[in-house]
Amino acid sequence: MFKDLVVVVTGGAQGIGKGIVLAYAQNGANVVIADINKELGQQLEMDLLAQGHSVLFAQTDVSKEQDIVSLMQKIVDHFGTIHILINNAGKFQHKSLYDLTLDEWNDMIQTNLTSFSGCHGIGKELIKDVSLKSSHPCDNG
C-alpha cells in the first residue's frame with residue numbers, strides 16, 4: 001500500500017510514534033525514525049531491519065534547528081525525498097501551568113509547536129527540487 005513511499009515520523013521510537021512507524025513499515029514504506037532517544041531508536045531500527053523492512057534511524061532533537069536540518073539532509077541523502085512527514089514528537093510537563101518555569105514552558109513550546117514549523121519548512125526546501133523531478137503520484141512539487 002505504501003511501497004516506495006518515504007515516511008518520516010518524529011518521536012518515532014516510542015509510544016504512538018512507534019506504532020505509526022511499525023504500521024508504515026509493515027505496509028511497505030521506507031520509514032525514517034527521528035527521535036531524541038538514541039537507544040530506543042537504534043533498537044527499533046535494528047528490529048525492523050532484521051524483519052526485512054527499509055528503515056533509517058536519525059537521532060534528532062526537534063527543538064533544535066540544526067538537528068532538523070541534519071535530519072532532512074540525511075533523509076534526502078539516503079532516500080532522495082520525503083512523501084509523508086508525521087510531526088509526532090512532543091513534550092508535556094506533568095504539573096500545573098502555574099508551576100512551570102519559563103525554561104520548561106519555552107522547551108515545551110519549542111518542541112511541540114516551533115519544531116512543527118521547522119520540520120515542515122526545512123523539509124520542504126530540502127526536497128523541493130527532488131520532488132519536482134519525481135514521478136510519484138504523491139509528489140505535487
Side-chain angles (χ1 to χ4, degrees), residues 1-134 136-141:
M1 181 175 200
F2 296 99
K3 185 167 174 38
D4 298 326
L5 292 183
V6 178
V7 179
V8 181
V9 184
T10 67
Q14 52 196 319
I16 293 169
K18 181 179 179 180
I20 295 168
V21 165
L22 293 172
Y24 274 107
Q26 291 165 356
N27 282 283
N30 301 305
V31 183
V32 178
I33 306 162
D35 202 286
I36 197 168
N37 189 314
K38 184 177 182 179
E39 183 179 331
L40 291 177
Q42 288 178 331
Q43 184 61 56
L44 182 56
E45 177 187 41
M46 287 189 304
D47 292 348
L48 290 171
L49 288 171
Q51 295 171 28
H53 298 294
S54 176
V55 63
L56 173 70
F57 169 67
Q59 185 177 18
T60 308
D61 181 345
V62 296
S63 71
K64 296 181 179 170
E65 182 179 8
Q66 187 52 51
D67 275 20
I68 296 170
V69 170
S70 295
L71 166 67
M72 297 300 167
Q73 192 60 59
K74 187 173 188 176
I75 295 164
V76 170
D77 291 347
H78 192 81
F79 289 116
T81 192
I82 299 169
H83 297 102
I84 300 170
L85 172 60
I86 300 172
N87 289 294
N88 171 72
K91 283 188 179 178
F92 179 75
Q93 294 289 334
H94 296 278
K95 57 182 166 181
S96 167
L97 289 175
Y98 299 111
D99 295 328
L100 288 177
T101 67
L102 182 58
D103 285 342
E104 291 169 331
W105 172 260
N106 286 337
D107 184 46
M108 218 168 42
I109 293 298
Q110 184 69 21
T111 300
N112 298 343
L113 299 177
T114 308
S115 68
F116 171 80
S117 176
C119 285
H120 179 265
I122 294 167
K124 183 178 177 181
E125 289 304 312
L126 281 175
I127 65 171
K128 186 190 310 184
D129 291 335
V130 176
S131 293
L132 288 173
K133 297 173 189 170
S134 174
H136 197 282
C138 288
D139 290 332
N140 295 320

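By convention here, the first residue in the shown sequence is residue 1.
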request  = Apply the test side-chain contact (heavy atoms from CB on, under 4.5 Å) to residues I33 and V55: give CA-CA distance (whole Å), side-chain angles for both, the deciding distance (0.1 Å), then the verdict.
outcome  = CA-CA 7 Å; I33 306 162; V55 63; 3.5 Å; yes
ask   = Out of curiosity, F79 CZ to D4 CG, how far, rounded to the nearest 0.5 Å?
value = 10.5 Å
key: Nearest heavy-atom neighbours spanning V9 and I20   = CG2-CG2, 3.8 Å
request  = Please identify each residue that fulfils side-chain contact (heavy atoms from CB on, under 4.5 Å) with L100, with sequence neighbours left out.
outcome  = Q93, K95, L97, E104, W105, M108
query = Who pairs with D67 by salt bridge (Lys or Arg N to Asp or Glu O under 4.0 Å), at least two apart in sequence or on another chain?
reply = none
task = Determine whether L56 and E45 make a side-chain contact, defined as any pair of heavy atoms from C-beta on separated by less than 4.5 Å.
result = yes
note = Heavy-atom nearest pair, T60 first then A34, reads OG1-CB, 3.9 Å
Closest non-hydrogen atom pair, A58 against L71 = CB-CD1, 3.6 Å
ask   = Under 4.5 Å between any side-chain heavy atoms of L22 and L48, yes or no?
value = yes
message = What's the separation between atom CG in N37 and atom CD in Q42, rounded to the nearest 0.5 Å?
response = 9.5 Å
request  = Could you pull out all residues at least two apart from N88 that satisfy side-chain hydrogen bond (donor to acceptor under 3.5 Å, both in side chains)?
outcome  = none
query = Please, which pairs that meet side-chain hydrogen bond (donor to acceptor under 3.5 Å, both in side chains) have at least one residue in residues 16-32, sequence neighbours excluded?
reply = N30-S54
task = Apply salt bridge (Lys or Arg N to Asp or Glu O under 4.0 Å) to K64 and list each qualifying residue two or more places apart in sequence or on a separate chain.
result = D61
ask   = Can you name the nearest heavy-atom pair linking A89 to G11, along with the distance?
value = CB-N, 3.7 Å
key: Any pair counted as ring pair (Phe, Tyr, Trp, His ring centres under 6.0 Å), so long as it reaches residues 26-70, sequence neighbours left out   = none
query = For D99, which residues count as a side-chain hydrogen bond (donor to acceptor under 3.5 Å, both in side chains) partner, sequence neighbours excluded?
reply = none
request  = Just do the side-chain contact (heavy atoms from CB on, under 4.5 Å) check on I82 and M72 with the steps written out, would you?
outcome  = CA-CA 9 Å; I82 299 169; M72 297 300 167; 3.5 Å; yes
Any residue meeting side-chain contact (heavy atoms from CB on, under 4.5 Å) with N106, in chain and number order, not counting sequence neighbours = L102
Non-neighbouring partners of Q43 that pass side-chain hydrogen bond (donor to acceptor under 3.5 Å, both in side chains), sequence neighbours left out = D47
key: For Q66, all residues meeting side-chain hydrogen bond (donor to acceptor under 3.5 Å, both in side chains), sequence neighbours excluded   = S70
request  = Please report the closest heavy-atom contact between I84 and I86, naming both atoms and the distance.
outcome  = CG2-CG1, 3.9 Å
inquiry  = Using every non-hydrogen atom in the two residues, find where I75 and T81 come nearest and quote the distance to one decimal.
reply    = CG2-O, 3.7 Å
task = To the nearest 0.5 angstrom, please state how far the CD1 atom of I36 sits from the CD atom of Q59.
result = 7.5 Å
